[in-house]
Engineer: 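Starting off with a structure, shown below.
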Amino acid sequence: MNVMDLIGNTPLVELKKTSSELDGVSIWAKAEFRNLSGSVKDRAAKAMLMEGIDRGLLRPGKTIIDSSSGNTGIAYAVLGAVLGYPVRIYLPANASRERKTILACCGAALVETSPLESSDGAYLAAKAEAEAHPDKYFWPNQYNNDANWKAHYNSTGVEIWEQTAGKVTHFITGMGTSGTFTGTARRLKEYNPKIQVVAVQPDSPFHGIEGTKHIASTIRPGFYDETLPDRFAEINTEAAYARTIRLAREEGLFVGISSGANVAAALDLGRSLPSGSLIVTVLCDSGFRYLSDELWGVDHG
Ligand code: PMP
């Protein structure tokens with residue numbers, strides 16, 4: 001087996017205890033922390049890099065450059081190692097210590113940008129560098145690259161349909177680039193237009209749900225299509241934190257904050273649905289990426 005085959009085909013797990021809070025509605029989740037570099041972003045990173053190689057844009061001598069809240073950067077770092085390319089990542093300085101450490105350990109060069117400018121500051125800085133030196137870099141530009149959402153159209157959406165034997169009634173997930181939501185939702189709608197797709201966002205521009213974007217107050221991802229969601233949902237940081245902790249302590253799923261946000265939003269949705277509904281959401285990454293985060297209430301001193 002090729003190392004890159006460790007991307008995709010993640011298990012779909014039933015959140016039994018969480019679902020028991022609902023009336024005949026079940027919540028299932030894609031265990032994306034099982035991917036090669038440990039997050040959902042492996043799918044998009046692999047697709048963007050392979051397309052770059054196919055189109056002759058990523059070739060020996062080039063460095064992979066992009067902005068990332070961490071997970072895409074880690075995916076590039078790991079895939080860069082596999083494929084033999086150096087990697088340079090721009091990320092807001094307030095990204096978790098674990099993410100920065102993993103990036104450095106995998107050999108990526110890090111450029112930290114202002115936390116006040118969040119993902120937009122990192123995006124603009126990477127764009128400026130990539131555009132200033134086009135022959136030096138391959139810039140996948142994850143916010144505007146169709147290979148990002150198509151990775152989910154070609155894998156995540158297909159897997160969910162097959163793993164639920166076509167029984168999925170709702171798909172709900174948060175958005176960073178919106179690649180996971182866009183590609184999965186488009187594929188599921190093609191299988192069955194009655195499947196309802198719900199896009200989740202933090203309820204405020206100042207939030208702690210790392211990896212997700214408050215779209216109204218930030219630069220809009222190029223392929224984000226606001227006509228695609230049947231519904232929008234908002235989640236606040238405290239609810240995401242609380243659910244992240246409960247997932248660890250009740251379901252044995254030690255996952256990241258955006259996963260907690262997704263499950264909290266899935267529960268909110270489930271309260272309004274008829275018995276028999278089957279909601280699928282995404283566990284984007286593992287809790288190991290947030291060990292130093294205040295949410296755990298652990299004193300590291
Ligand atoms: N959760 C986490 C932890 C992430 O890092 C990301 C990607 N930034 C997402 C969710 C959202 O994924 P996407 O870019 O596909 O919208």
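Heads up: numbering here begins at 1 and tracks the sequence. As the structure lists them, so they are numbered: ligands from 1, and atoms in each ligand from 1.
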Engineer: Counting only heavy atoms, tell me which of G256, G176, S286 gets closest to atom 16 (O) of ligand 1.
Structural biologist: G176
Engineer: What part of C284, side chain from CB on, backbone N/CA/C/O, both or neither, has a heavy atom under 4.0 Å from ligand 1?
Structural biologist: side chain
Engineer: Look at the side chain of N35 and the backbone N and O of S39, then say whether any donor-acceptor pair between them is shorter than 3.5 Å.
Structural biologist: yes
Engineer: Please say whether K41 places an N or O atom under 3.5 Å from an N or O atom belonging to ligand 1.
Structural biologist: yes
Engineer: Decide whether Y153 and E190 meet the rule of one side-chain donor and one side-chain acceptor closer than 3.5 Å.
Structural biologist: yes
Engineer: Evaluate D285 for polar contact with ligand 1, using N/O atom pairs at a separation under 3.5 Å.
Structural biologist: no
Engineer: Which ligand 1 atoms does M175 reach within 4.0 Å, using its non-hydrogen atoms?
Structural biologist: 16 (O)
Engineer: Going by the atom numbers of ligand 1, which of them fall below 4.0 Å from some non-hydrogen atom of N71?
Structural biologist: 2 (C), 3 (C), 4 (C), 5 (O)
Engineer: Determine whether the side chain, the backbone, both or neither of R99 has a heavy atom under 4.0 Å from any heavy atom of ligand 1.
Structural biologist: side chain
Engineer: Once rounded to the nearest 0.5 Å, what's the spacing between atom OG of S155 and atom CG of N9?
Structural biologist: 8.0 Å
Engineer: Verify the distance criterion only: is there a donor paired with an acceptor across the side chains of Y290 and D285 at less than 3.5 Å?
Structural biologist: yes
Engineer: Validate the cation-pi geometry between R187 and W161: distance from NZ or CZ to the six-membered ring centre under 6.0 Å, angle to the ring axis within 45°.
Structural biologist: no
Engineer: Is the closest side-chain heavy-atom distance between L253 and F33 below 4.5 Å?
Structural biologist: yes
Engineer: What atoms of ligand 1 come closer than 4.0 angstrom to any heavy atom of S178?
Structural biologist: 13 (P), 14 (O), 16 (O)
Engineer: Do R34 and D42 meet the salt-bridge criterion of a basic N to acidic O distance under 4.0 Å?
Structural biologist: no
Engineer: If the cut-off is 4.0 Å to any non-hydrogen atom of G179, which atoms of ligand 1 fall inside it?
Structural biologist: 13 (P), 15 (O), 16 (O)
Engineer: Hey, are R243 and E251 close enough for a salt bridge, meaning a charged N less than 4.0 Å from a carboxylate O?
Structural biologist: no
Engineer: Nearest to atom 9 (C) of ligand 1, what protein heavy atom do you find, and at what distance?
Structural biologist: G211 O, 3.4 Å
Engineer: If only atom types and distance count, is the side chain of R220 paired as donor or acceptor with the main-chain N or O of I215 below 3.5 Å?
Structural biologist: no
Engineer: Which protein non-hydrogen atom lies closest to atom 1 (N) of ligand 1, naming both residue and atom, and how far is it?
Structural biologist: S258 OG, 2.6 Å
Engineer: Would G174 count as being in polar contact with ligand 1, using the rule that some N or O on each side must be under 3.5 angstrom apart?
Structural biologist: no
Engineer: Heavy-atom distances under 4.0 Å are what count here, so tell me which part of Y290 touches ligand 1: side chain, backbone, both or neither.
Structural biologist: side chain
Engineer: Looking at every heavy atom in both I89 and A108, which two are closest together, and how far apart are they?
Structural biologist: CG1-CB, 4.4 Å
Engineer: Look at atom 13 (P) of ligand 1 and say which protein heavy atom is nearest, naming residue and atom and giving the distance to 0.1 Å.
Structural biologist: T177 OG1, 3.5 Å
Engineer: If the cut-off is 4.0 Å to any non-hydrogen atom of S69, which atoms of ligand 1 fall inside it?
Structural biologist: 5 (O), 8 (N)
Engineer: In the protein, which heavy atom is nearest to atom 15 (O) of ligand 1, and how far is it?
Structural biologist: T180 OG1, 2.5 Å
